[in-house]
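All figures in this text were calculated on a predicted structure; none of them were measured in a lab.
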Amino acid sequence: MYALSLLTLSVVIHGCVGQNERKMETPTLTVEAESYISNSGNIDIINEKKNVVSVQTKDNDSWLCYKINIPVTGRYNIRLYAKNSSEKQAVCWIEDNIDNIDGRVYNVSGNMLIGGKGSDYPGFVQKDGAQLAPSTHFIKLHIEKGAVIFDKLTFTMIREHESSPVISYSKTDGKDWQLVWNDEFNGLGLPDPTKWIYDTAGNAASWGNNEAQCYTIGRKENAKVENGSLAITAIKEDLEGKKYTSARLISKTAWQYGRIEVRAKLPKGRGTWPAIWMMPGGWSFKDGNWPEVGEIDILEHVGYDLNVIHASAHSKDYQWQAGNQKTGVITVPGATENFHNYILEWSSEILKVYVDDNCYFTYKNEGLGETKWPYNKPFYLILNVAIGGAWGNAKGIDDAAFPQTMYVDYVRIYQKK
């Protein structure tokens, strides 16, 4: 490991021609090396030329930050053109969002390893990175090890996001499934205590994600049943050092495999982050060991990106910090105005996630062990509306939009007969 690194950096973000039938052209985006807006402070700027910045690092993790504008939602191939002038392999990676202060960072490239001295140059390393939404992004180029000379960094779209793909259909009628648990929310008052408990274990730690809400217990303002639905409401108010209140409910029952169906209407305020997801039975936030224990996200939605629904599976080897989580995205017109069915079908062999019977995310068990597939055990269901956080706060929080409510018409759990 080297305490000093010498780099020459030229960053060019290129557009591309989409590979779908529409052949939509993406504008070429270029960020000159000398236009960095900030750095880690543990570097010395040696000289600046057009398209070139030479810096010397003082520690093992240094970075330069650039601002880029992504015009089209899609997944991007990231290429790092570089030369390693040391004998040891260098480690670099790309972070999205400069304002993460809670220890969770969006590593959109994973580790990009540059061979030791004597390897081919000019050459490049590449990764198929995480999906990027259309907006202004603050990109940090991290250098952790080695002595490296950089030539350029390119982002090339490999798949444009397409709304509402129809892959397959799923039905619960017939002889395949039987209902084993449900809540139709037909009562009045607080959620049924025989089926749900309130989760506040991570409030003091902001849930490890810099979230802005305080989850409450037994408070009708934040969680109540009326008019045939469960209402989870986020409110702009001060409580226990937080600026917002909300609720996070977890099922008292955990299931291993089956079909989990939740009919819901989502909040839409900027800064909201509703989710329908699952964690292993008996696991609590205070237990840590995430994401090794496994997580299944049936639905995530952020208020600044209306009607774009995400499903993901996280494990030790496939997780968002490395930019390689198993994930799917679909646009659902009217997701904040109408009820839709959000569905997981889960077996020992496959995870499939649907919206209104349209399957848009499939992950098959590769048979490579629990570090990739920690899903052969019971999981419980979580319903919550978070505020802010590393993702929900990416474009700030609109206080004028509150209160905001996620309505849940029903939860139904089916298992194979």
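The side-chain contact (heavy atoms from CB on, under 4.5 Å) test applied to Lys372 returns Asp317, Tyr318, Tyr363, Glu366, Leu368, not counting sequence neighbours. For Trp181, the ring-ring contact (aromatic ring centres under 6.0 Å, His included) criterion is met by Trp196, Trp255, not counting sequence neighbours. In this structure, Tyr407 has no ring-ring contact (aromatic ring centres under 6.0 Å, His included) partners at least two apart in sequence or on a different chain. With sequence neighbours excluded, the residues that form a salt bridge (Lys or Arg N to Asp or Glu O under 4.0 Å) with Arg412 are Glu184. Residues satisfying the salt bridge (Lys or Arg N to Asp or Glu O under 4.0 Å) criterion with Lys242, sequence neighbours excluded, are absent altogether.
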Glu295/Trp290 under side chain to side chain donor-acceptor pair (under 3.5 Å): CA gap, chis, key distance, verdict: CA-CA 8 Å; Glu295 175 183 326; Trp290 183 95; 2.6 Å; yes
Between Trp391 and His301, does a ring-ring contact (aromatic ring centres under 6.0 Å, His included) hold up when you go through it step by step? CA-CA 10 Å; Trp391 191 10; His301 176 270; 9.1 Å; no
Verify side-chain contact (heavy atoms from CB on, under 4.5 Å) between Tyr360 and Val353, making sure each step is shown before the conclusion. CA-CA 6 Å; Tyr360 71 101; Val353 178; 3.9 Å; yes
Start with the C-alpha gap between Phe361 and Ser312, add the side-chain angles, then the distance that decides, and say whether side-chain contact (heavy atoms from CB on, under 4.5 Å) holds. CA-CA 8 Å; Phe361 171 54; Ser312 303; 5.7 Å; no
Worked check of salt bridge (charged side-chain N to carboxylate O under 4.0 Å, His left out) between Lys286 and Asp199: CA-CA 11 Å; Lys286 294 181 179 179; Asp199 191 1; over 6 Å; no
Set out, in order, the CA-CA distance, both residues' side-chain angles and the distance that settles ring-ring contact (aromatic ring centres under 6.0 Å, His included) for Phe285 and Trp207, then state yes or no. CA-CA 8 Å; Phe285 175 83; Trp207 295 92; 5.3 Å; yes
Where do Leu141 and Trp63 land on the side-chain contact (heavy atoms from CB on, under 4.5 Å) test, with the steps shown first? CA-CA 5 Å; Leu141 173 61; Trp63 51 260; 5.8 Å; no
Would you sort out whether Phe185 and Asn227 count as a side-chain contact (heavy atoms from CB on, under 4.5 Å), showing the intermediate values? CA-CA 8 Å; Phe185 303 112; Asn227 300 321; over 6 Å; no
Evaluate salt bridge (charged side-chain N to carboxylate O under 4.0 Å, His left out) for Arg263 paired with Glu261, printing each intermediate quantity in order. CA-CA 7 Å; Arg263 183 167 176 80; Glu261 181 173 337; over 6 Å; no
Worked verdict on Glu300 versus Trp273 for side chain to side chain donor-acceptor pair (under 3.5 Å): CA-CA 7 Å; Glu300 289 185 281; Trp273 185 357; 3.2 Å; yes
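Listed here is the closest heavy atom pair of Ala212 and Ile397: CB-CD1, 4.3 Å. Contact record, Ala234 with Ile387: CB-CD1, 3.6 Å, taken as the closest heavy-atom pair. Nearest heavy atoms, His340 versus Ala335: CD2-CA, 3.9 Å. Of all non-hydrogen atoms in Gly294 and Pro280, the two that sit nearest each other are O-CD, 3.4 Å.
Lys395 NZ to Tyr304 OH: the interatomic distance, rounded to the nearest 0.5 Å, is 7.0 Å. Put simply, CD on Gln404 and NZ on Lys268 are 7.0 Å apart, with the number rounded to the nearest 0.5 Å. Atom OH of residue Tyr342 and atom CZ of residue Phe339 lie 10.0 Å apart, to the nearest 0.5 angstrom. In this structure, the separation between OG on Ser246 and CD1 on Ile235 is 8.5 Å, given to the nearest 0.5 Å. If you take NZ on Lys67 and CD1 on Ile37, they are separated by 6.5 Å, rounding to the nearest 0.5 Å. Expressed to the nearest 0.5 Å, how far CD of Gln256 lies from CZ of Phe379 amounts to 9.0 Å.
In this structure, Ser347 contributes its side chain and Glu349 its backbone to a donor-acceptor pair below 3.5 Å. Using modelled atom types, no side-chain atom of Asn209 and backbone atom of Glu211 make a donor-acceptor pair closer than 3.5 Å. A donor-acceptor pair is defined here as one N or O able to donate and one able to accept, closer than 3.5 Å; no such pair exists between the side chain of Asp305 and the backbone of Val302. Between the side chain of Thr331 and the main chain of Val308, no donor-acceptor pair closer than 3.5 Å is present. No donor-acceptor pair closer than 3.5 Å links the side chain of Glu95 to the backbone N or O of Lys140. Side-chain N or O atoms of Glu292 include none that pairs as donor or acceptor with a backbone N or O of Ser315 at under 3.5 Å. A donor-acceptor pair under 3.5 Å is formed between the side chain of Asn203 and the backbone N or O of Tyr215. Distance alone, capped at 3.5 Å, is enough to place a donor-acceptor pair between the Asn365 side chain and the Ser348 backbone. Under a 3.5 Å cut-off, the side chain of Tyr380 and the backbone N or O of Trp283 do form a donor-acceptor pair. For Trp346 (side chain) and Tyr375 (main-chain N/O), a donor-acceptor pair under 3.5 Å exists by modelled atom type.
Residues Thr362 and Ile350 have side chains in contact (heavy-atom distance under 4.5 Å, counting atoms from C-beta outward). With a 4.5 Å cut-off on side-chain heavy atoms, Ile298 and Val262 do not count as touching. Leu230 has its side chain within reach of Leu249: a pair of non-hydrogen atoms, C-beta onward, lies under 4.5 Å apart. Within the 4.5 Å cutoff, the side chain of Ile296 has heavy atoms near those of the Leu351 side chain. A 4.5 Å side-chain heavy-atom check between Leu266 and Ile309 finds at least one atom pair inside the cut-off. Using a 4.5 Å heavy-atom threshold, the side chains of Asp297 and His310 count as separate. Using a 4.5 Å cut-off on side-chain heavy atoms (C-beta onward), Ile260 and Leu381 make contact. Proximity of Tyr198 to Leu190: side-chain heavy atoms (C-beta onward) are separated by under 4.5 Å at one or more points.
In this structure, Lys326 places its NZ atom where more than 12 heavy-atom neighbours from other residues, nucleotides or ligands lie under 6.0 Å away. Within 6.0 Å of the NZ atom in Lys416, the count of heavy atoms belonging to other residues, nucleotides or ligands exceeds 12. For Lys377, the NZ atom is densely surrounded, since the number of other residues' heavy atoms within 6.0 Å is greater than 12.
Residue pairs meeting the side chain to side chain donor-acceptor pair (under 3.5 Å) criterion with at least one partner in residues 228-239, sequence neighbours excluded, are Arg219-Glu237, Thr233-Thr405, Glu237-Thr245.
Using a cutoff of 4.0 Å between basic side-chain nitrogens and carboxylate oxygens, Asp357 and Arg259 are scored as salt-bridged.
Aromatic ring centroids of Tyr244 and Phe402 lie under 6.0 Å apart.
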